Amino acid sequence: MKKVFAVALMLALGFAAVAEGNDLLSKIQERGTIVIATEGDWSPWTYRDDSGEWTGLEIEIGNLIAQGLGVEADFQKTPWDAILAGVDSGRFDIACNGVGVTEERAEKYAFTEPYLYTEVVLVVRADNEEIKTVDDLAGKNTANTASSTYAAIAEAKGAKVTPVDNLAETIMLVEQGRVDATINAKASIEDYLAEQPDANIKIVEVLKEGEPVAYPVRKGAETETLLAAINDILDAARADGTLGAISEKYLGVDLTHGE
């Protein structure tokens with residue numbers, strides 16, 4: 001592990017030197033912190049444990065990136081619908097929050113290479129026998145965070161999306177019958193069911209297998225060295241098994257390799 005960090009750090013410092021100190025990577029290393037946007041209440045991706053400490057898959061990988069760059073990670077708890085705008089404005093350097101790569105987002109943001117390939121599922125109340133697939137969502141109501149890829153899927157199928165702030169609120173709305181369904185990450189639903197085995201919900205369809213997830217940064221010449229440095233860190237962590245181990249720790253399976 002130390003060797004991975006040392007190699008990544010040398011590469012990062014090299015990029016910074018070439019950029020003459022005007023790029024984002026140089027600024028990050030000069031200040032000694034990388035500012036990372038994250039929701040902070042989305043287990044098992046990003047949340048606080050019983051002692052109030054940051055934890056989760058995204059927190060571990062965010063710290064991995066920070067160590068590779070030779071800086072500290074400064075996690076900023078941010079609502080999902082403000083995360084990408086914050087990256088765009090420069091408030092955050094990157095976002096560690098399970099951001100799916102889409103064509104629309106790739107037009108506006110530069111993405112690292114994918115570090116995970118997630119599974120997306122359709123969830124309904126346990127006694128719901130009407131909704132079997134996403135094609136049954138026309139005219140129905142779903143709960144999802146605004147502007148998420150999951151909300152986009154639901155809207156494309158003719159559903160009305162009720163915006164929510166976190167997974168617990170989402171599940172509550174489904175259980176109470178205030179919405180008909182939700183589309184979400186399989187790992188998040190399984191983690192919730194592990195913690196709440198009596199939850200009155202069920203998975204009825206796996207919509208996507210292998211949806212790429214990556215870290216977004218602002219597009220532009222000033223972010224190119226940062227993007228390259230993060231890719232080198234992720235490549236090294238994938239090669240030595242660190243990424244796979246983090247995925248298995250929080251998701252129960254290694255989702256770091258695509259099909």
Side-chain angles (χ1 to χ4, degrees), residues 4-40 45-46 54 56-118 147-149 211-239 242-243 246 256 258:
V4 171
F5 290 149
V7 171
L9 178 56
M10 286 189 290
L11 287 169
L13 291 172
F15 287 128
V18 171
E20 298 180 350
N22 295 320
D23 62 329
L24 181 56
L25 176 58
S26 296
K27 294 175 182 177
I28 288 169
Q29 290 175 326
E30 182 178 356
R31 85 169 85 104
T33 59
I34 180 168
V35 182
I36 301 174
T38 192
E39 282 183 89
W45 303 83
T46 162
W54 285 107
L57 179 144
E58 292 290 15
I59 304 305
E60 284 211 24
I61 301 179
N63 280 321
L64 186 83
I65 291 170
Q67 287 179 272
L69 298 178
V71 300
E72 297 292 324
D74 178 9
F75 294 102
Q76 298 285 321
K77 188 177 188 303
T78 309
W80 163 254
D81 57 3
I83 283 179
L84 290 177
V87 170
D88 194 39
S89 69
R91 179 183 174 191
F92 311 119
D93 299 317
I94 64 171
C96 292
N97 205 80
V99 181
V101 181
T102 66
E103 290 184 7
E104 181 180 5
R105 288 174 180 166
E107 290 178 359
K108 190 168 186 179
Y109 304 94
F111 281 92
T112 65
E113 293 299 318
Y115 60 96
L116 279 180
Y117 296 84
T118 61
S147 73
S148 66
T149 55
E211 180 182 52
V213 178
Y215 295 124
V217 301
R218 293 194 313 278
K219 268 193 173 182
E222 74 276 9
T223 63
E224 291 177 357
T225 52
L226 175 63
L227 196 68
I230 292 175
N231 278 333
D232 284 332
I233 293 166
L234 294 176
D235 286 346
R238 185 180 295 105
T242 300
L243 275 186
I246 293 173
T256 61

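Computed over heavy atoms, backbone and side chain alike; hydrogens, waters and symmetry mates excluded. Just so it is clear, the structure is predicted and the values come from calculations on it, not from any experiment.
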Taking salt bridge (Lys or Arg N to Asp or Glu O under 4.0 Å) as the test, write out the residues that go with [X], two or more places apart.
X	value
Asp235	Arg238
Arg105	none
Arg91	none
Glu60	Lys249

Nearest-0.5 Å distance, [atom1] of residue [X] to [atom2] of residue [Y]:
X	Y	atom1	atom2	value
Ile230	Ile61	CD1	CD1	12.0 Å
Gln29	Leu226	CD	CG	9.0 Å
Glu72	Ile34	CD	CD1	11.5 Å
Leu243	Thr256	CG	OG1	6.0 Å
Ile94	Thr223	CD1	OG1	12.0 Å
Ile233	Leu64	CD1	CG	7.0 Å

Leu24 and Val217, any side-chain heavy atoms less than 4.5 Å apart: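 No, every pair of side-chain atoms sits at 4.5 Å or beyond.
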Give a yes or no on whether the backbone of Glu39 and the side-chain of Asn97 come within a donor-acceptor separation of less than 3.5 Å.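 Yes, because the side chain of Asn97 sits within donor-acceptor range (under 3.5 Å) of the backbone of Glu39.
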Taking Thr46 for its side chain and Glu58 for its backbone only, find out whether a donor-acceptor pair lies under 3.5 Å.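 Checked: no pair found.
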Please identify each residue that fulfils side chain to side chain contact (heavy atoms under 4.5 Å, CB included) with [X], with sequence neighbours left out.
X	result
Ser148	Trp80, Asn144, Thr145, Tyr150, Ala151
Ala73	Ile36, Asn63, Ala66, Phe75
Lys108	Asp88

Tell me every residue that passes side-chain hydrogen bond (donor to acceptor under 3.5 Å, both in side chains) with Thr112, counting only those two or more places apart in sequence or in another chain.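 For Thr112, no residue satisfies side-chain hydrogen bond (donor to acceptor under 3.5 Å, both in side chains) once neighbours in sequence are set aside.
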Sequence neighbours excluded, the answer for side-chain hydrogen bond (donor to acceptor under 3.5 Å, both in side chains) partners of Asp81 is none
Identify the heavy atoms of [X] and [Y] that sit nearest to each other, and give their distance.
X	Y	result
Ala110	Arg218	CB-O, 4.2 Å
Asp93	Thr33	OD2-O, 4.3 Å
Leu84	Pro216	CD2-CG, 3.9 Å
Cys96	Gly62	SG-CA, 4.0 Å
Val71	Gly32	CB-O, 3.3 Å

Between Asp74 and Arg31, is the closest basic N to carboxylate O distance under 4.0 Å?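 Salt bridge flag = no for Asp74 with Arg31.
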Evaluate the side-chain hydrogen bond (donor to acceptor under 3.5 Å, both in side chains) criterion for residues Glu113 and Asn231: first the C-alpha distance (whole Å), next the side-chain angles of each, then the deciding distance (0.1 Å), finally the verdict. CA-CA 6 Å; Glu113 293 299 318; Asn231 278 333; 4.7 Å; no
Taking it one step at a time, do Gln76 and Val35 satisfy side-chain contact (heavy atoms from CB on, under 4.5 Å)? CA-CA 7 Å; Gln76 298 285 321; Val35 182; 3.7 Å; yes
With sequence neighbours left out, the residues meeting ring-ring contact (aromatic ring centres under 6.0 Å, His included) with Trp45 are Trp42
Who passes ring-ring contact (aromatic ring centres under 6.0 Å, His included) against Phe92, sequence neighbours left out? none
Can you run down the ring pair (Phe, Tyr, Trp, His ring centres under 6.0 Å) pairs that involve residues 93-116, sequence neighbours left out, and say none if there aren't any?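 As it turns out, the ring pair (Phe, Tyr, Trp, His ring centres under 6.0 Å) pairs with a partner in residues 93-116, which skip direct neighbours, are Tyr115-Tyr215.
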